[in-house]
Every structure is written in C-alpha cells, then in structure tokens.
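Have a look at the structure below, then the notes.
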Amino acid sequence: MDYVPPGTGWPDDPATPDTPVAHDPAEVAALAAGSATVAELAARESVCRACPRLVAWREEVARVKRRAFAQETYWGRPVAGWGDDKPRLLLLGLAPAAHGGNRTGRIFTGDRSGDWLFASLYRTGWAAQPTSVRAGDGQRLLGARVAAAVRCAPPANKPTPEERATCSPWLAREIALCAGSVRVLVALGGYAWQACWPALREAGYELPRSRPPFGHGAEVALAYEGETVHLLGCYHPSQQNTFTGRVTEDMLDTIFRRAIELSA
Ligand SMILES: O=c1cc[nH]c(=O)[nH]1
C-alpha cells in the first residue's frame, strides 16, 4: 500500500474503513453537501478518488518518497482542512505540497511554506507553537483554521481547472460549515484568491459583482447573513517568494495582525 489506509491509527486520521468514497465529481458534490460537521467532511474528503491524475500522483510520491524522508510512511491521501472547528480566521492555500501535507497528512505541515506560515501565526497569537512538523506534534491553531483550495498534491504544484472545479464542493462546504464564526478569510496567493470566489458564493456569502485584483494586503468586504466578513490577500509564503524577499516575516505578520483587528 503506497498510502495510509483509513482506520489504521494515523494520528488525526478522520476516516474509518467505512467512510464513503467519491469516485467522480457528482459523488464529490453529493458527499460534500451531505456532510453535517467539519469532522464528517474531513473524513469523506480524505478518501476521495475523483481525480485520476491526482490520485496517481499523490500515491506515486508516497511510494517513491524524497530521500530525506525515506524511512517515513507518507499519508498519500487528500489533505482536509485543519484547526479550530469554529474559527474566526480561515486561511486558504493552494494545495498540499508533495512532501509536506501529502507526507504528514496535515496541510502546510512539514514543508518550507508551512515553516514560514506557522512561525508567523505563532508570533501573532494564532498558533500555539512556532512549528508544525507532523500530526500529533502538539501544534494547535487558536481561533484559526487552514484549508487548501485543492485537497491533493498536484504534479508541479499545478492543478488543472477541471481538478479545481471537482474539488470545489469540499472547499465550499468547509467554508459554509465555518461561516457562522468566521470574521476574516486570508487567501494565501492568487490561486486561493481565485478559487475561493465561487466557493464563497456557493457557501452563501454575498460578494461584490466583480472580483477585485489579488495583491498583498488587498481587502474585500463580504457579507454573510447580514454580518460583514473580510477577505484579505496575502502573498503565498512559498520558497520562491521567501527566497526572493517578495514575502518577508514582517509582511506576513502585518496580515495576521490585521486579521486580529478585523475579527475583534
Ligand atoms: O497551499 C499550500 C499548502 C501547503 N503547502 C504549500 O506549499 N502550499
């Protein structure tokens, strides 16, 4: 087996061997819509097999592994959202990294982007620890939740438009299940900014007629059941951005401090 089968004791595995599996986009939509809790949603999406290219890639990466992690068992499955079930802050990324979330089973955990992200969340009071290295490491998000627009690690970090559309009901349902408490959403990168727009509409948010351009510090006021909710843009803390100085620690901290102000 090139991935962790459900129900075999992986810390935080939300699924059991009986969890229903989606094999095509229609099943994704039905199972996502029928999920009454974030735990149920996480269980269902964590065994999804609807995108053949992504299933093949996530399992191939889990079989071949990176040399540094050769002794580890890779998760090799879709990576659900993670954190507080009733968050004030919802963070949205692109997709699990091949040797990050696809290895550890927890989004942004065990990759360089996550090192930057969790350090900033810790400095600004949204995380209990400055690092997130593996499921069961004691990390906790404090009033925050992190999810990815696409739940499986994609080849070259680039999901196809069809894969994004197939995965969208999982994202939309997670946004809907958290909407009662969320005051601020942060899109980490332009991909998440684009992907969250239809998912927010499907989740019941009122959006401006046209989507404003993505930028670091961009702010859009949305409404959910009469309450104002803020969408913030933040450059993705990818190695490409952090190596080149396009994103600095201060820039990330500024966004998460702004999220505190807006969610107070
Ligand atoms: O969006 C994401 C999620 C995890 N790791 C990344 O590098 N990007």
Side-chain angles (χ1 to χ4, degrees), residues 12 42 45-46 48 51 54 57-58 61-62 65-66 68-69 72 74-83 87 89-122 126-127 129-135 137 139 141 144-161 163-164 166-168 170-172 174-175 185-197 199 214 216 231-244 246-249 251-252 255-256 259:
D12 301 346
E45 60 193 322
S46 80
C48 180
C51 300
L54 297 184
W57 179 249
R58 74 194 194 202
V61 170
K65 304 181 186 181
R66 179 174 281 170
F69 307 123
E72 293 189 27
Y74 275 50
W75 173 251
R77 288 166 45 196
V79 184
W82 170 75
L89 170 64
L90 182 57
L91 295 152
L92 302 171
L94 191 171
H99 302 279
N102 188 57
R103 173 173 59 93
T104 62
R106 199 164 74 185
I107 196 66
F108 273 108
T109 294
D111 63 54
R112 292 278 160 78
S113 309
D115 291 346
W116 276 69
L117 178 65
F118 287 106
S120 180
L121 291 173
Y122 175 72
W126 291 105
Q129 297 182 172
T131 59
S132 182
V133 289
R134 69 181 68 81
D137 63 359
Q139 177 61 294
L141 296 182
R145 187 172 184 84
V146 191
V150 171
R151 307 314 222 208
C152 292
N157 229 9
K158 282 198 173 61
T160 65
E163 288 161 352
R164 186 173 93 180
T166 299
C167 209
S168 184
W170 296 130
L171 177 66
E174 182 158 15
I175 291 174
L185 296 121
V186 173
L188 296 164
Y191 188 94
W193 182 264
Q194 272 189 31
C196 75
W197 208 255
F214 171 73
H216 190 81
L231 172 63
L232 304 186
C234 177
Y235 288 155
H236 193 288
S238 64
Q239 264 190 300
Q240 205 181 345
N241 285 341
T242 53
F243 269 10
T244 56
R246 188 164 192 247
V247 173
T248 63
E249 292 182 349
M251 287 169 72
L252 291 178
I255 298 289
F256 297 126

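Order of listing sets the numbers, starting from 1, for every ligand and every atom in it. Worth saying up front: this structure is predicted, and the values here are computed from it rather than measured. Atom set for the values below is all heavy atoms of this structure, side chains included, hydrogens, waters and symmetry mates excluded.
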Who pairs with Arg103 by side-chain hydrogen bond (donor to acceptor under 3.5 Å, both in side chains), at least two apart in sequence or on another chain?
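Arg103: side-chain hydrogen bond (donor to acceptor under 3.5 Å, both in side chains) contacts with Glu72.
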Could you list the residues that satisfy ring pair (Phe, Tyr, Trp, His ring centres under 6.0 Å) with Trp193, not counting sequence neighbours?
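With neighbours one apart ignored, the set is Phe214.
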Enumerate the pairs of nitrogen or oxygen atoms, one from ligand 1 and one from the protein, separated by less than 3.5 angstrom; state names and distance to 0.1 Å.
residue, atom, partner, partner atom, Å
ligand 1, 1 (O), Leu94, N, 2.6
ligand 1, 1 (O), Ala95, N, 3.3
ligand 1, 1 (O), Ala95, O, 3.4
ligand 1, 1 (O), His236, NE2, 3.3
ligand 1, 5 (N), Asp111, OD2, 3.1
ligand 1, 7 (O), Ser113, OG, 3.0
ligand 1, 8 (N), His236, NE2, 3.0

All pairs passing side-chain hydrogen bond (donor to acceptor under 3.5 Å, both in side chains) where residues 110-120 contributes a residue, at least two apart
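For residues 110-120, and leaving out neighbouring residues, the side-chain hydrogen bond (donor to acceptor under 3.5 Å, both in side chains) pairs sorted by first residue read Ser120-Asp253.
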Look at the rings of Tyr235 and His216 and say which category their plane angle falls in: under 30° parallel, 30 to 60° tilted, over 60° perpendicular.
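Tilted.
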Closest non-hydrogen atom pair between Ala149 and Leu171, with its separation
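Minimum heavy-atom separation between Ala149 and Leu171: CA-CD2, 4.1 Å.
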Could you tell me if the side chain of Cys152 sits less than 4.5 Å from the side chain of Arg77, heavy atoms only?
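Not in contact.
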